Every structure is written in structure tokens, then in C-alpha cells.
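What follows is a single structure, written as C-alpha cells, with notes after it.
The structure displayed is predicted, hence computed values, not measured ones. Every chain is numbered from 1, with letters handed out A, B, ... down the list of sequences.
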2 protein chains.
Amino acid sequence: MNSSTLGVRQAQKQKTRQALLDAGLRLLEEQSLSSLGLREVTRVVGVAPAAFYRHFRDMADLGVALVEESLASLHVMIRAVLAEQADAEEVIDRSVEAVAAHVALHPAHVRFIARERHGGVRAVREAIAAELERFGDEVAQALATQEESHGWSAEDVRMLAGLYVDHLVMTASAFLEAGGAGAEEERRIADTARRQLRLISLGRRHWRDR
Amino acid sequence: MNSSTLGVRQAQKQKTRQALLDAGLRLLEEQSLSSLGLREVTRVVGVAPAAFYRHFRDMADLGVALVEESLASLHVMIRAVLAEQADAEEVIDRSVEAVAAHVALHPAHVRFIARERHGGVRAVREAIAAELERFGDEVAQALATQEESHGWSAEDVRMLAGLYVDHLVMTASAFLEAGGAGAEEERRIADTARRQLRLISLGRRHWRDR
DNA sequence: TGTACATCAGTGAACGCGCGTTCACTGATGTAC
DNA sequence: TGTACATCAGTGAACGCGCGTTCACTGATGTAC
């Protein structure tokens, strides 16, 4: 056994751990983390309740692990959008499409973040806040390199980045709630999101000549 | 006994009901509605568990009642801000001050709304969504009468109103989380909120000449 | 005003149930030689 | 390669506990006459 291939024992342990995370995420679609029980999770996975302790200290610990998992995929999506080189209008269209696609692909992850961002478990709230702050920093860094940000203070760029990140989370959870409501409602949400981004983009363009 | 003064019995019942709501709100500062127990609430109030059923069907029912209570005070605050006649910069300053004051005065109400807006109890989520939509409509109505909205479509005005309402909720919960972090952090949040509102206001001013 | 009866907010005991945590254990996997 | 021992992921039984809900009840308040 070398460092890149895990032994059979480690591999099996990882598998069980992932099964616990998957089961937790699934159960969290219909409740909050602070009411999710350890026995519920192990029952779904099909292991003894006590096995849980081989992987997590308690449910809050599992929640923090879910934060990392949930935001990793979002991170990839955001990077892709930021990397694009196109005019403002096109970036807006692509961003809204990317958010819609992300929600369709990872609804449980998005729901978990929206639900627990202000939820009842401190450790999880803090993990989400820290991660979203890193997102904001990353967006700010990308914005700073763009021509429209010439002459902006670092604080102003960060403020705009925060507005974008908040808008992203809002739009994602709007798509999520519309999940069952049909394509009509989804189009309405996408349309509103695009117009809001256009308005913000306009404000950005005129920021210098206030 | 006439219709305006309740009998002793009715008055006592109201008092107990309010005590249950107050206790629930207090207990929800450290957990989510979906994990709050009926017995916890009655224990704090000092009544028998079974007494709960004289007032609410279950905890979700109590939650819906808390939504109405929590948003009533916010409604009053928003109306006051909207009624103001002043230049944009002044309205922004007053709005952010009003939000900060509201959070300082009703922290538990704000926390409840932020937490349960995307929480695990459907009936409560829906009650909050419906109420925030009414807020949006009201803000839109106020915006429509302003000079800057001349030539705007109703849809565009409603889109802007939605942006303001979302920003309000975001800012309120940011103030809340900063609650214990000192005046420094609060000033930073107020400053960011003001700049974001200024940028949105700029976008609004240039919306027509896109 | 006084009396007889109706209402109903709150009681207290009881129920079955699922919870989180502990513990000594088992047996497959890993390691040393 | 084979053997003897160590490790440790997962087991299964047990524990005490608080939960939501039910029920017949009590006694203060309300109503009709």
C-alpha cells in the first residue's frame, strides 16, 4: 500500500462516510440540521447508530463537512463564469443560465446552503459565512482586473462583489423554490435576475462619475 | 361584556397565547423551528403541555403566528422610510439607520425571519414568502409614484422593489450576526449597505438611457 | 340580585416511542518478522 | 510465503430520558332566567 491508493479498510471507511453525508443531505431536504437525528441518518445508510461516531463527532460535525461538499461545486461554477471574456450583457445571460443549471444539477446542495446559512447550528453558519466570504474575495479579485473597475478603491470593489454573491444566493434559492412550479415561473425568475444584474451593471458603469 | 372589552376568560387566554409566542421566539434564538419542542415551550411558560393545544394545532401553527408578529413591526418601519420625502442620499442614510435600529429593537423577530425564510417548515416558509411579496408590492407602489420611475414599466419597478427588499433582509441579518462583534463591525456593515444602495440608485437613475 | 346550569382554559397522569450515547465484542484488514 | 499479533470499522444490546398526544378532570367564568 502506498500513499495514493488507500487500503481496503480505508476505502470502505470513506465509502461509509460518503454514504452518511449523502443520506444526511437527502434527509435535510425536508427538515433543518438542528432537528436531524443521528439514528435517522444511520438507518438510511444501513449501519448501526454507533458506527456514526467512527466518522463524525455529532450532527454539527457532519453539517460542516456538508458545507465543504456543497460549496465546492458552486465554486467551480463561479470560476467558470468569472473566467469568461465577453460584454456585460453576455456575462449576465451566461451567469443566470449557469445558476439555473447549477440548481437543477445540485438542488440538495443549494437547499442545504440556503437553509443553514442562517440556521440553528452555529458551527455550520460560521463555516458557510467563511466560505461565502472567500467567494466574495475571489469575485472581487476578478472584478478588480476588469476595465470597468479602473479607479475604484479596493473597498468599493469588494462591496460590489458582496452584492453579486448575495444576489447569486438569492437567485439560486428562488430557482429552487420554483422547482416544482413549472418552466413559466423559472423563466420569470431568470428574467428578474437578469434585469437586476443589468441595473447593478449600470450603476457600476456610472460609479466613477457620481 | 361588549365586543371591545374581552371577558376575563378571553383576556387570560390571550395572555397565555402571547406567553407561548414569546417563549417560542426566545427559544428559537438558538435553534430552528423544526427542532423546537412543544414541551420546551410550555415548560418556559409554566403551563401543562396539553394546554398548548388550546392555542395552536402544532409548532408549525405557532410558527405561522410568529411570522405575522415578526413582520408586522418590520412593516411599520418600512412604511415610515417610504413616506419620507428627501433626496436619494438622505433616504439611503435613513433607511440603513432604520434597519439598524429595527434589528437592535427586535433582534429575535429578525433572526426568526432570516432563519425560517428558507427553513424546514413549509407552512412557515410560505407565510414568510407571501408576506415579503406583499412588502415588495408595497415598495413598488411607492417607487412608482417617484419621479425617477417615469417611463418605467410596472415589471421593472417591481424588479427594483424586489432588489430593495432582498437587500433589506440581507442587511438586517448582517447586522444581527454582528450583534456581539462590537460597534466597529456594525459601522462597516452600515457603510457597505449604504454604498450598495448608492450603486443601485445610480443604476436606477441611468435605467432609461441604456 | 340570586340561582342553576353550561362553557372551556388549563391540569396531571399515562402511553408508547425514538432518541443519543456507552460498551464490550467481532472479524476482516494490516503489519512485523 | 507463512505465521502471530495489532488495529479498528462496524455490531448489537442496553441505559435513561424527553418527546407528542390522549383523556377524564376541575374549577373559575359566563349565561339564562
query: Whole Å only: how far is the CZ atom of A/Arg43 from the C1' atom of C/dC17?
result: 11 Å
task: Kindly write out the residues that satisfy salt bridge (charged side-chain N to carboxylate O under 4.0 Å, His left out) with A/Glu186, not counting sequence neighbours, or none if the list is empty.
output: none
Separation of atom CG in B/Asp58 from atom P in D/dG20, rounded to whole Å: 11 Å
Expected list for residues 63-71 of chain A: side-chain donor-acceptor pairs under 3.5 angstrom, two or more places apart:
unit_1	atom_1	unit_2	atom_2	d
A/Glu69	OE1	A/Gln18	NE2	3.1
A/Glu69	OE2	A/His109	NE2	3.0
A/Ser70	OG	A/Leu66	O	2.8

field: Residues from residues 21-30 of chain A lying under 4.0 Å of DNA chain D - heavy atoms
entry: none
task: Return the value, rounded to whole Å, for the distance between atom CG of B/Leu38 and atom C1' of D/dG18.
output: 12 Å
task: If a pair satisfies side-chain hydrogen bond (donor to acceptor under 3.5 Å, both in side chains) and one of its residues is in residues 127-141 of chain B, list it, with sequence neighbours excluded.
output: B/His75-B/Glu138, B/Arg79-B/Glu138, B/Glu131-B/Arg134, B/Asp137-B/Arg158
- request: Tell me, please, which residues at least two apart from A/Asp22 pass salt bridge (charged side-chain N to carboxylate O under 4.0 Å, His left out).
  value: none
Closest contact, heavy atoms only, B/Met77 versus B/Ala98: SD-CB, 3.8 Å
Please list, one pair per line, the donor and acceptor atoms closer than 3.5 Å that link side chains of residues 110-119 of chain A to other protein atoms, with sequence neighbours excluded.
unit_1	atom_1	unit_2	atom_2	d
A/Arg111	NH1	A/Glu29	OE1	3.1
A/Arg115	NE	B/His118	O	2.8
A/Arg115	NE	B/Gly119	O	3.2
A/Arg115	NH1	A/Leu28	O	3.0
A/Arg115	NH1	A/Glu29	O	3.2
A/Arg115	NH1	A/Gln31	O	3.3
A/Arg115	NH2	B/Gly119	O	3.0
A/Glu116	OE2	A/Leu33	N	2.9
A/Arg117	NH2	A/Asp166	OD1	3.4
A/His118	ND1	B/Glu177	OE2	3.2

query: Residues two or more places apart in sequence or in another chain: which of them pass salt bridge (charged side-chain N to carboxylate O under 4.0 Å, His left out) with B/Glu97?
result: none
Dump every N/O contact between nucleotides 2-4 of chain D and the protein below 3.5 Å, one line per pair.
none

field: CG-CD1 distance between A/Leu202 and B/Ile200, expressed to the nearest 0.5 angstrom
entry: 12.5 Å
message: What I'd like to find out is whether the side chain of A/Met159 reaches to under 4.5 Å of the side chain of B/Leu199, using heavy atoms alone.
response: yes
- request: Identify, with sequence neighbours excluded, every residue that meets ring pair (Phe, Tyr, Trp, His ring centres under 6.0 Å) alongside B/Phe52.
  value: B/Phe56
field: Sugar-phosphate only, base, or nothing, as touched by A/Phe52 at under 4.0 Å among non-hydrogen atoms
entry: nothing
- line: Output for pair (B/Leu197 CG, B/Arg195 CZ), nearest 0.5 Å, gives 12.0 Å
- prompt: Heavy atoms under 4.0 Å, any strand shown: does B/Arg57 hit a base, just sugar-phosphate, or nothing?
  reply: nothing
- prompt: Once each nucleotide of nucleotides 5-13 of chain C is scored for protein heavy atoms under 4.0 Å, what B/S/- sequence comes out, 5' to 3'?
  reply: --BBBBBB-
- prompt: With a 4.0 Å cut-off, would you call B/Arg188 and B/Asp191 a salt bridge?
  reply: no
- request: Using five pairs at either end of the helix from C/dG2-D/dC33 to C/dC33-D/dG2, determine the angle between the two local helix axes and round it to 10 degrees.
  value: 30°
message: Within the structure provided, determine whether A/Ile128 and A/Val124 are in side-chain contact (heavy-atom separation under 4.5 Å).
response: yes
query: To the nearest Å, how far apart are B/Leu33 CG and D/dG20 P?
result: 12 Å
task: Could you tell me the separation between the CG atom of B/Leu36 and the P atom of D/dC19, rounded to a whole number of Å?
output: 10 Å
- line: A/Gln31 atom CD is separated from C/dG18 atom P, nearest whole Å, by 15 Å
- request: Quickly work out the B/Leu62 CG to D/dG20 P distance and round it to whole Å.
  value: 12 Å
message: Run the salt bridge (charged side-chain N to carboxylate O under 4.0 Å, His left out) test against A/Arg94 and tell me which residues pass, sequence neighbours left out.
response: A/Glu84, A/Glu90
message: Between P on C/dG18 and CD on A/Glu40, what's the gap in Å once rounded to a whole number?
response: 12 Å
